[in-house]
Amino acid sequence: MLKSKTFVKKTRSGKVMKIVREHYLRDDIWCGSEVCSECKQESGVLQKDACIESNLCSYPHYLIPDTNVVLHQIDVLEDPVIRNVIILQTVLQEVRHRSAPVYKRLKDMLHEKEKHFYTFTNEHHRETFIEREPGESANDRNDRAIRVAAKWYSQHLKTFASHEDGLKVVLLTNDQGNKQKAEESGLLVYKCEEYVKSLIANPELVDRLALSDDDKNEITSAKLLFPEHLPLSRIQAGIKSGCFLQGTFRASRDNYLEATVFVQGEGEDSTEVLIQGLQNLNRAVHQDVVAVQLLPRNEWVAPTSVVLQDEGIAKDDDDNEEEEEKLKVTAAEAARRSTGKIVGIIKRNWRPFCGMLNVSQIKESTRHLFTPADRRIPRIRIETRQASTLAGQRIIVAIDGWPKGSRYPNFLRNKQHFIKLFLPFSKEKETEEEVLLLEHDVPHQAFSQAVLSFLPKMPWAITPEDMVMREDLRQLTVCSVDPPGCTDIDDALHCRDLENGNLEVGVHIADVSHFIRPGNALDKEAASRGTTVYLCGKRIDMVPALLSSDLCSLRSNVERLAFSCIWEMNHDAEILKTRFTKSVINSKASLTYAEAQMRIDDTAKNDDITKSLRGLNKLAKILKQKRIEKGALTLSSIEVRFHMDSETHDPIDLQTKELMETNSMVEEFMLLANISVAQKIYDEFSECALLRKHPAPPPSNYDILLKAAKSKDVEIYTDSAKALADSLDVAKVDGFPYFNTLLRILATRCMMQAVYFCSGMDSDFHHYGLASPIYTHFTSPIRRYADIIVHRLLAVAIGADSTYPELMDKHKQSALCNNLNYRHKMAQYAQRASVAFHTQLFFKSRGILNEDGYILFVKKNAIIVLIPKFGLEGTVFFDTKDKTIPKLVFDEEGPTLNVEQHTFRIFDKVKVTIRLDDSNIQHQKIRMALINPVIPGVSVPVPDVEPQAKKQKLDH
């Protein structure tokens, strides 16, 4: 059947052209259903048993969505639950013209066999094509065409229905006028929202519904709470002129109304700008790249001494004056720092966040607050209709926007984001470790087949080709010294006497770069991961286990490929010659630190391995003394080791790690190898050497250290690393042997983060902590990708391997360094979080313990106490809202806190009770309460240790 339209058109040249458009109609177009025997030509797309559990449609049915449903509810349609959908040609054409991204997503679904989506060409079917009527709009004509097609399908399929509840067609539309006309035509029609809500077996689909414009306006329409963000063009001009500074936003864990912006500078010119108050924070989120404007000097403030956390019920958008007043009072009393305000966001660092839902107290409310597990991330206001289902569950959401009139960022469930149910909340280790890895953005998925395909084929052996550019060192008495249970052995050492009376010392490092070649999938995956992440009792490898625990691990009594740094030294540890070579070694022993120490100390032992260890230990002591004399810092931090139950894998004991001479021995030679390699690769490649530096802390970082020392009448000098090291060495207080350790712990907190950088992009190479003019990482390529790059540079430098373009590109090297710095920082945070979680597990089974501790920090409303026995820090709060507690008097200069005529100072000894507080199911924490000194209204009575805890303490 042929339809045609004829009309005339005037061309540019003025001629009149007659145009005839023909539209062919057919009656043999297939309906696509398996039940149809009339027009069936091939296997059906739409299923015969098209059932879905719905309390509106209890019968098998096909869906016909109109154009607006497809455009706005594409997230719902993409869900695997939604199947057997008829996409009319009218709808497909409209979607194509109105949204290319949605059209692509729709086409993908049509090609997905499991979805059973079928395109019906209703515009060419003789019984479903309609002409546009006079005065009818194109939109109204298309709505009518959809209704006509739905009517045809209903009547067509009714012929093959075997009973009353046979196969039916449901039209989905959100247009009230269209719905009313469809109902008048006798069609089965529902709004998309009411149909989705009827799917009782799949309540999670409700949160994939897009919000209506009215809902969005209701959420985002509020009075102005924050200043407008400046456009990027003005920000860039302001940075160029010096009016604004660009930096990374770092939210405080202790005070949600305070943050700093780290501004990267040349050398020691890096600085931190303090941001205080809700408006000055101006909707920045942790790790965003922001533009900051410095305030006038008379508005500069000091970091607050108040511990303030955004918890409990949702605050109104203007309900923050009380907290901000606390900040102002504190700031007026202290030394001021550079202070600014956020004027714009350069780059958002929004990612999916894991946390839990705080269900609204308002009955039937769909608006709730989501609390992220990471305290540095603000709470997020979300719209959900399944709060009762999500309560008490771990969920993952993302931020969609933060309007200037909203106290919290919003989660609007746009086309990209919807709530993802993570795991039923429990304190099972696997669940918590998964959350921990997600929160710290640690890649932990299994290695893909593409990555694994580049591993060597087994069985593997060293070939004659491997030996061409290598030195055979298998006869040397090489051994490794590592922590107990270590399987990824990166390094081994040897020391032997030479005929000329000198010593030969070698550091042999696993030759990982031999197995990981530039640019392949294995290399890209290692570069992305950046580092191996060590959790308590678990390791997230940077490279597959075949390499990390087998072929690259320098285990004893097996031949392994290595990259060796070999020195000739005299007995005063002076380096006479240095050489680098690819090698083959055969380690004679894989020792723990304790085993190596016992060999050194056992005078009855005199074998080659023990002689080598004694020679290394003697030289290491000299090397360390020389470093210290140059100004290298010996700082302190308490590390803990958990003893795990062999069956439950829960911690049954917790001890602080004890360091031996052998720890220092290995460290000294690793440092020496790193320094030697750093100098070599910089000499050869001055523009693209990958190095590591440790910036000197700004003077303000030392404020707390100086105050702590002064409180005990001790002088600390911070003019240089050597001045600091020398003054720490002589810092002693009579009758207080732990004082020096506490001082070094505090000094560690003052330090900056060491970072990787490309030599061609920076001029300051100095490593402050090691007092070394140049440094890199060479000694751990199994667990650090930076070391693999350094190996490649060194191999090219000695002619053992060829180069490639990316290795010599300083801009690409610099970008790689940025990722490595990020991954290393996240790995450190993840490791600390793992220790914190296992500490909670440890204390959970111990009831209440009473322990001695020392005050590390004094705040305006709290003291932070260190428990040396467990390496544990906790906060003792003094609740200022509790009328029974005496007034607190805080002195920033001390700093001191006076409570009921007792003054707390840094390093004061106290006794506290320790218990696990699990009242907040997500943020379980160790709570401390003061026992001694005894202060009325503050101290708690000394509780008895519970019998079970006593028994366990004796058992372990």
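Sequential numbering from 1 along the given sequence is applied to the chain's residues. As the structure is a computational prediction, the values presented were derived from the model and not from experiment.
Proximity of a side-chain donor or acceptor of S780 to a complementary backbone N or O of R783 within less than 3.5 Å is not detected. The main-chain N or O of N282 is found under 3.5 Å from a side-chain atom of H229 such that the two form a donor-acceptor pair. The closest donor-acceptor contact from the side chain of H286 to the backbone of A251 lies under 3.5 Å. Checking side-chain atoms of T532 against main-chain N and O of M542 turns up a donor-acceptor pair under 3.5 Å. Between the side chain of H514 and the main chain of V512, no donor-acceptor pair closer than 3.5 Å is present. The backbone N or O of P697 lies less than 3.5 Å from no partner atom in the side chain of N701, so there is not a single donor-acceptor pair. Side-chain N or O atoms of T339 include one that pairs as donor or acceptor with a backbone N or O of R337 at under 3.5 Å. At distances below 3.5 Å, not a single donor-acceptor pair connects side-chain atoms of R792 with backbone N or O atoms of L807. Side-chain N or O atoms of R517 include one that pairs as donor or acceptor with a backbone N or O of S513 at under 3.5 Å. Between the side chain of S814 and the backbone N or O of C758 there is no donor-acceptor pair closer than 3.5 Å.
More than 12 heavy atoms of other residues, nucleotides or ligands shown are found within 6.0 angstrom of CD on Q445. When the shell of 6.0 Å around NZ of K524 is examined, it contains 12 or fewer heavy atoms from other residues, nucleotides or ligands. In the displayed structure, K626 atom NZ is contacted under 6.0 Å by more than 12 heavy atoms of other residues, nucleotides or ligands. Counting non-hydrogen atoms of neighbouring residues, nucleotides and ligands closer than 6.0 angstrom, the OH atom of Y717 reaches no more than 12 such neighbours.
Taking CG of L493 as the reference point, atom NE2 of H508 lies at 7.0 Å (rounded to 0.5 Å). Between the CG atom of D482 and the OG1 atom of T487 there is a distance of 10.0 Å, given to the nearest 0.5 Å. Note that the OG atom of S583 and the CD1 atom of I585 stand 6.0 Å from one another [nearest 0.5 Å]. Distance check: S338 OG to L294 CG gives 6.0 Å after rounding to the nearest 0.5 Å. For the atom pair Q813 CD and M808 CE, the distance stands at 8.0 Å (nearest 0.5 Å).
Counting heavy atoms from C-beta on, the side chains of V292 and V343 never come closer than 4.5 Å. Side chains of C552 and D511 form no contact here, defined as non-hydrogen atoms less than 4.5 Å apart. With a 4.5 Å cut-off on side-chain heavy atoms, K582 and E471 do not count as touching. No side-chain heavy atom of D490 sits under 4.5 Å from any side-chain heavy atom of L554. Under the 4.5 Å side-chain criterion, counting only non-hydrogen atoms from C-beta, I380 is in contact with V397. Taking the side chain as every heavy atom from C-beta outward, I540 and L437 approach each other to under 4.5 Å. L793 is not listed as a side-chain neighbour of V796, based on a closest heavy-atom distance of 4.5 Å or more. Contact check for V507 versus W567: side-chain heavy atoms found under the 4.5 Å cut-off.
A donor atom on one side chain and an acceptor atom on the other are not found under 3.5 Å apart for D374 and Y829. A donor-acceptor contact closer than 3.5 angstrom is absent between the side chains of Y785 and N819. At a cut-off of 3.5 Å, with distance as the only test, no side-chain donor of Q753 or H824 sits close to an acceptor on the other residue. No hydrogens or angles considered: nothing links the side chains of R555 and S549 as a donor-acceptor pair under 3.5 Å.
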Just do the side-chain contact (heavy atoms from CB on, under 4.5 Å) check on R376 and S252 with the steps written out, would you? CA-CA 6 Å; R376 295 168 299 183; S252 168; over 6 Å; no

Full working for side-chain contact (heavy atoms from CB on, under 4.5 Å) between F262 and V273: CA-CA 7 Å; F262 177 73; V273 179; over 6 Å; no

I'd like to know whether K722 forms a salt bridge (charged side-chain N to carboxylate O under 4.0 Å, His left out) with E629, so could you lay out the CA-CA distance, the side-chain angles of the two residues, the decisive distance to 0.1 Å, and finally the verdict. CA-CA 8 Å; K722 180 161 176 53; E629 288 171 0; over 6 Å; no

Set out, in order, the CA-CA distance, both residues' side-chain angles and the distance that settles side-chain contact (heavy atoms from CB on, under 4.5 Å) for V835 and C536, then state yes or no. CA-CA 6 Å; V835 170; C536 297; 3.9 Å; yes

Please test L295 against K341 for side-chain contact (heavy atoms from CB on, under 4.5 Å), starting from the C-alpha separation and ending with a verdict. CA-CA 7 Å; L295 299 174; K341 62 180 180 180; 4.0 Å; yes

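A ring-centre distance under 6.0 Å is not found for H766 and Y775. Aromatic rings from F515 and W460 are positioned such that their centres are separated by under 6.0 Å.
Taking all atoms of both residues into account, the shortest heavy-atom contact from M569 to I575 is CE-CG1, 4.1 Å. S480 and S587 make their closest contact through N-OG, 4.0 Å (heavy atoms, listed as atom of the first residue, atom of the second, distance). Residues I342 and V261 come closest through the heavy atom pair CD1-CG2, 3.9 Å. In plain terms, the two heavy atoms of S548 and R539 that are nearest each other are OG-NH2, 3.7 Å. Between Y534 and Q831 the shortest heavy-atom distance is O-CG, 3.2 Å. For the pair P518 and D523, the tightest heavy-atom approach, listed with the atom from each and the gap, is CA-OD2, 3.5 Å.
With D288 as the fixed residue, the salt bridge (charged side-chain N to carboxylate O under 4.0 Å, His left out) test singles out one of R351, R348, R283, K347: R348.
Residue pairs meeting the salt bridge (charged side-chain N to carboxylate O under 4.0 Å, His left out) criterion with at least one member in residues 441-454, sequence neighbours excluded, are D441-R823.
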Show every donor-acceptor pair shorter than 3.5 Å between a side-chain atom in residues 678-691 and any protein atom, with sequence neighbours excluded, or say none if there are none.
{"residue": "Q679", "atom": "NE2", "partner": "D683", "partner atom": "OD1", "Å": "3.0"}
{"residue": "E687", "atom": "OE1", "partner": "K810", "partner atom": "NZ", "Å": "3.2"}

Expected list for residues 235-249: side-chain donor-acceptor pairs under 3.5 angstrom, two or more places apart:
{"residue": "S241", "atom": "OG", "partner": "A237", "partner atom": "O", "Å": "3.2"}
{"residue": "S241", "atom": "OG", "partner": "G238", "partner atom": "O", "Å": "3.1"}

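The aromatic rings of H767 and H694 are tilted relative to each other, their planes meeting at an angle between 30° and 60°. Classification of the F563-H791 ring pair by plane angle, with boundaries at 30° and 60°, yields perpendicular.
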